[in-house]
Asker: 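Below is a structure I'd like to ask you about.
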Protein chains: 2
Amino acid sequence: MLSTLAAHIRRFVTLSDEEEQILAEYIEIRDVKKKDFLLKEGQVCQGNYFVIKGLCRAYFETERDGDQTSHFAIETWWITDYISLESHKPSGFNIQAVENTTYAVLYRDTQDKLFAAVPQLERYFRIILQRTVAAAHMRVKYLFTKSAEERIDHFTALFPEFVQRVPQYMMASYLGFSPEFFSKIRARKKA
Amino acid sequence: MLSTLAAHIRRFVTLSDEEEQILAEYIEIRDVKKKDFLLKEGQVCQGNYFVIKGLCRAYFETERDGDQTSHFAIETWWITDYISLESHKPSGFNIQAVENTTYAVLYRDTQDKLFAAVPQLERYFRIILQRTVAAAHMRVKYLFTKSAEERIDHFTALFPEFVQRVPQYMMASYLGFSPEFFSKIRARKKA
DNA sequence: GACATTTCTTGAACCAGTTCAAGATTTTGA
DNA sequence: TCAAAATCTTGAACTGGTTCAAGAAATGTC
């Protein structure tokens, strides 16, 4: 189970077998069922979650309409609330399993000790975060310049797996429009 | 000039005077006039820019309307196109000085050598990037849940300096609405 | 294999914000 | 100091999307 994470790390930095052992001591592997929570709004976020198998989403409640899906994670993606992690304040997000999920937790309060023991993990996370920022900028670019329909097409081309694994109303929310409108776009396309 | 950057780094990690000297060898300080470009669309982004004095913005051209401002940087903020930096592909963004600006460049191709010489910079950038991701998530949260007027109020409260230093049409673009609508909101508020 | 729950669709009325166009105001540079 | 350039304002017509409500289809469960 841990091997998935170790393999992912080795795609970016070198990691000896001994270092993998050290990592194992700092990581906890957990299982959750569909709809269970990794993090609940109001809790202070305690760590960073690496999806080994399954699919999770971060979302928050809005006043008017229902939930707003903020982001997703599938196999080999990290997901957390960096705002809460950073500020040590209660999170405004829920992180929930969309499918039955196996994931690894890296706890915030032991993270620095781990990084001291295996310094190239600092580099690994720098690289991961750099990609996360790039993805976030891409997303804003698309939100600002493309119509709802173009956003669907683009996202479907880029991550076809998601569109099959995630209910349509979550996709709609993530892409920034209502589930009803998603339906209408699909109807329009068939014609 | 470099001292501004060194001071910023020391807010997050320790940095000896010798290490500051090493850093100096890898950093270049530059001046640009208002409206000059740090990066132009079509170029491969060569580095990461740290604003010492002044104000810059990243934007891209859109088909229909004019520019779309993607993000800003004032004193002690880093700005770059991580998408291009990461992929080594031509950038889709322009990074431009909004005021006369002094900035430091950290070049991509020597960055790893610098990190090898001063390992805690890896940590410094991990922390900076973590905050950048947090900010990006915050921004999407506001874009999705707040009205144009609420976004103005929130941003003004959070970064009052910006609203004074940046033309209104750039703010409007950054916050995700038209400059005309910004005007109308202001008129509405006075009443 | 049928009942409950979750997800998806459709239509009608509506609205937050856009677009276009023209003028007013402010800032800039020689 | 004054003309040119940049920025901001206002109004009228419009549109991409929302909201509400109700039913249809799919999925999960014992």
Side-chain angles (χ1 to χ4, degrees), chain A residues 32-36 54-55 57 59 61-69 72 96-101 142-156 162-191, chain B residues 32-36 54-55 57 59 61-69 72 96-101 142-156 162-191:
Chain A
V32 280
K33 292 227 176 102
K34 187 170 172 169
K35 293 197 181 157
D36 280 355
L55 198 164
R57 65 163 179 152
Y59 73 92
E61 320 264 358
T62 64
E63 295 118 47
R64 321 205 157 170
D65 23 279
D67 316 331
Q68 172 63 50
T69 294
F72 288 112
Q96 187 191 35
V98 175
E99 304 173 352
N100 295 340
T101 295
Y142 273 86
L143 278 175
F144 275 160
T145 54
K146 306 290 182 184
S147 69
E149 182 162 358
E150 290 170 320
R151 263 136 57 204
I152 294 176
D153 291 345
H154 175 75
F155 193 80
T156 306
F162 269 104
V163 184
Q164 270 141 25
R165 290 168 72 178
V166 167
Q168 224 174 86
Y169 70 87
M170 280 186 203
M171 280 297 318
S173 168
Y174 175 76
L175 292 174
F177 43 83
S178 70
E180 292 92 337
F181 193 58
F182 200 147
S183 249
K184 281 162 196 171
I185 290 172
R186 290 184 65 176
R188 202 153 79 194
K189 285 198 178 225
K190 267 186 259 169
Chain B
V32 280
K33 293 227 176 102
K34 186 169 173 169
K35 294 200 179 155
D36 280 354
L55 198 165
R57 65 163 178 152
Y59 73 91
E61 319 264 0
T62 64
E63 295 119 46
R64 320 206 158 168
D65 24 279
D67 314 332
Q68 172 62 50
T69 294
F72 288 112
Q96 187 191 35
V98 175
E99 303 173 352
N100 294 341
T101 296
Y142 273 85
L143 277 175
F144 275 159
T145 55
K146 305 291 182 183
S147 69
E149 182 162 358
E150 288 169 321
R151 262 136 58 204
I152 294 176
D153 291 346
H154 174 75
F155 193 80
T156 307
F162 269 104
V163 184
Q164 271 140 24
R165 289 169 72 178
V166 167
Q168 223 174 88
Y169 69 87
M170 281 186 203
M171 281 296 320
S173 168
Y174 175 77
L175 292 174
F177 44 83
S178 69
E180 293 91 337
F181 194 59
F182 200 148
S183 248
K184 282 163 197 172
I185 290 171
R186 292 184 64 176
R188 202 152 79 193
K189 284 199 176 222
K190 267 185 262 169

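By convention in this document, chain letters (A, B, ...) are assigned in the order of the sequence lines, proteins followed by strands, and residues within each chain are numbered from 1.
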Asker: Are side-chain heavy atoms of F144(B) and T62(A) found at a separation under 4.5 Å?
Answerer: no
Asker: Counting primed atoms plus P, OP1 and OP2 as sugar-phosphate and everything else as base, spell out the protein contacts along nucleotides 3-16 of chain C at 4.0 Å heavy-atom distance: B, S or - for each nucleotide, 5' to 3'.
Answerer: ---SSSBBBB----
Asker: Output the distance between atom CZ (F72(A)) and atom CE (M170(A)), rounded to the nearest 0.5 Å.
Answerer: 6.5 Å
Asker: So if I apply the side chain to side chain donor-acceptor pair (under 3.5 Å) rule between E99(B) and each of K33(B), R165(B), K35(B), which one comes out positive?
Answerer: R165(B)
Asker: With no hydrogens and no angle check, is any side-chain donor or acceptor of T101(A) less than 3.5 Å from a backbone partner on L55(A)?
Answerer: yes
Asker: With side chain to side chain donor-acceptor pair (under 3.5 Å) as the rule and sequence neighbours excluded, what pairs involving residues 144-155 of chain A come up?
Answerer: Y142(A)-H154(A), S147(A)-E150(A), E149(A)-R188(A), D153(A)-K189(A)
Asker: Nearest whole angstrom, please: distance from the C1' of dC8(D) to the CE of M171(B).
Answerer: 15 Å
Asker: With distance as the sole test, does N100(A) use its side chain to make a donor-acceptor pair with the main-chain N or O of K34(A) at under 3.5 Å?
Answerer: yes
Asker: Do F177(B) and F182(B) have side chains that get closer than 4.5 Å, going by heavy atoms?
Answerer: yes
Asker: Taking atom C1' of dG17(D) as reference, at what distance in whole Å does atom CD of E150(A) sit?
Answerer: 14 Å
Asker: Just the rounded figure in Å: distance from C1' of dT27(D) to CG of N100(A).
Answerer: 15 Å
Asker: Side chains of R57(B) and Y174(B): closer than 4.5 Å at any heavy-atom pair?
Answerer: no
Asker: Measure CZ/F177(A) against P/dT19(D) and give the value in whole Å, please.
Answerer: 14 Å
Asker: How bent is the helix from dG1(C)-dC30(D) to dA30(C)-dT1(D), comparing axes over its five end pairs at each side, to the nearest 10°?
Answerer: 60°
Asker: Whole angstroms only, please: what is the CZ-P distance between R165(B) and dT7(D)?
Answerer: 16 Å
